[in-house]
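In what follows, a structure is listed as structure tokens, so that the remarks can point back to it.
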Amino acid sequence: ILISYFTLGGVHFSYVAALFFIVLGFILAVLTVGDRIINSALKTLKHAAKDENILFTSSLAVIFVIVFLSEVSGLAAITGAFLAGMAMSRSDMKESIIEKKINMLGAFVVPLFFAYSATFISIDAIAKNWQIILIILAAGSMAKAIGSGFLSRYFKIDGRGQRIIAIGMIPRGEYGIVISQAALAAAIISQEIYTTLVTFILLTVILTPILFKIEARTSKSYSATRK
């Protein structure tokens, strides 16, 4: 709907429906046919090339191709990368090469990603909109807590399980930051709004471990009192 609004100047349901089926078809294609083709190709390459660097580079090439196709089909690049990972999850090279190399690469790339994201944050915007940020934080946390933790009782999950689910659903992750960056780059949102969104996301990440510690101590004290 947002893509239709910002690209065509309004919501065109025929365009939205067509985009939905294209995206759905792409996801199904990657996870079914693409899964078999990718793993078959990687298995053949593994027998032909013994060099781990060549095998890992080939895996990265697969990821980049799927990311490109996901962008063309209307999906976000990060979603394409996630689908590529799912498609390669049953590969023989998953643990021996792919995971090992990506973990090494991630230790270098992940800090750069967050550092790059922080360069667009305006301290003045945080000082100006701190009240709005706190309101969004409270509303977002309560929405997740009620929508997941409270409703989990209907699935016969005990009280502690409900609290853990509620707290665990509070944080927003890097996906929200990526979307915010894309919106900022496309001039859909301003730097001020970007700062508000990213600050909110970071606060949910900081808040969650604190709430987990409080919940653990509360449960431990309650258990000791009952004994």
Side-chain angles (χ1 to χ4, degrees), residues 2 27 31 76-79 81-83 85-86 89 94-95 98-100 102-184 189-227:
L2 288 176
I27 293 173
L31 297 181
I78 190 173
T79 305
F82 181 78
L83 292 173
M86 290 183 65
S89 63
K94 175 189 172 184
E95 296 181 1
I98 297 175
E99 286 186 356
K100 183 174 68 174
I102 286 182
N103 285 337
M104 293 173 58
L105 187 63
F108 175 74
V109 174
V110 171
L112 287 179
F113 165 75
F114 286 103
Y116 175 75
S117 302
T119 60
F120 298 101
I121 291 178
S122 169
I123 302 299
D124 293 336
I126 295 176
K128 177 183 177 182
N129 298 319
W130 66 270
Q131 293 175 316
I132 297 175
I133 293 171
L134 291 180
I135 291 172
I136 296 174
L137 177 64
S141 300
M142 289 299 296
K144 283 291 189 79
I146 295 173
S148 53
F150 178 76
L151 295 179
S152 63
R153 67 172 57 190
Y154 297 105
F155 295 90
K156 299 181 180 179
I157 297 175
D158 61 19
R160 185 161 192 263
Q162 293 173 31
R163 292 193 297 274
I164 290 174
I165 292 174
I167 295 171
M169 290 297 293
I170 288 175
R172 273 68 171 176
E174 63 282 353
Y175 201 103
I177 297 177
V178 170
I179 292 175
S180 299
Q181 284 183 359
L184 180 64
I189 61 174
S190 64
Q191 185 183 18
E192 187 173 332
I193 295 176
Y194 172 85
T195 298
T196 301
L197 293 173
V198 173
T199 304
F200 157 66
I201 292 170
L202 293 177
L203 286 177
T204 63
V205 174
I206 295 170
L207 178 64
T208 301
I210 298 172
L211 292 178
F212 268 130
K213 288 183 179 180
I214 294 173
E215 196 285 326
R217 290 177 183 174
T218 304
S219 297
K220 193 174 181 180
S221 300
Y222 179 71
S223 299
T225 304
R226 290 189 63 182
K227 290 180 180 178

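- Atom-to-atom distance recorded for D158:CG and R163:CZ is 8.0 Å, nearest 0.5 angstrom.
- In this structure, F114 and I177 have side chains that are in contact, with non-hydrogen atoms separated by less than 4.5 Å.
- Put simply, CD on Q181 and CG on L197 are 12.0 Å apart, with the number rounded to the nearest 0.5 Å.
- For the side-chain contact (heavy atoms from CB on, under 4.5 Å) with F200, the qualifying choice from V198, L203, T204 is T204, the only one to do so.
- The one candidate from T199, I201, T196 that meets the side-chain contact (heavy atoms from CB on, under 4.5 Å) condition with I136 is T196.
- Listed here is the closest heavy atom pair of Q191 and L184: N-CD1, 3.8 Å.
- For Y116, the ring pair (Phe, Tyr, Trp, His ring centres under 6.0 Å) test picks out F120, with sequence neighbours left out.
- When side chains are defined from C-beta on, I170 counts as touching L211, because their heavy atoms get closer than 4.5 Å.
- Looking only at side-chain heavy atoms (C-beta outward), Y194 and S117 come within less than 4.5 Å of each other.
- Inter-residue side-chain proximity for I214 and I167 is flagged as unmet; no heavy-atom pair is nearer than 4.5 Å.
- Between K144 and R172 the shortest heavy-atom distance is CG-NH1, 3.5 Å.
- Taking each heavy atom of P209 and I206 in turn, the nearest pair found is CD-O, 3.3 Å.
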**Q.** Step-by-step side-chain contact (heavy atoms from CB on, under 4.5 Å) determination, T195 to N129
**A.** CA-CA 9 Å; T195 298; N129 298 319; over 6 Å; no

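- Of all the heavy atoms in P171 and T208, the pair that sits closest is CD-OG1, 3.2 Å.
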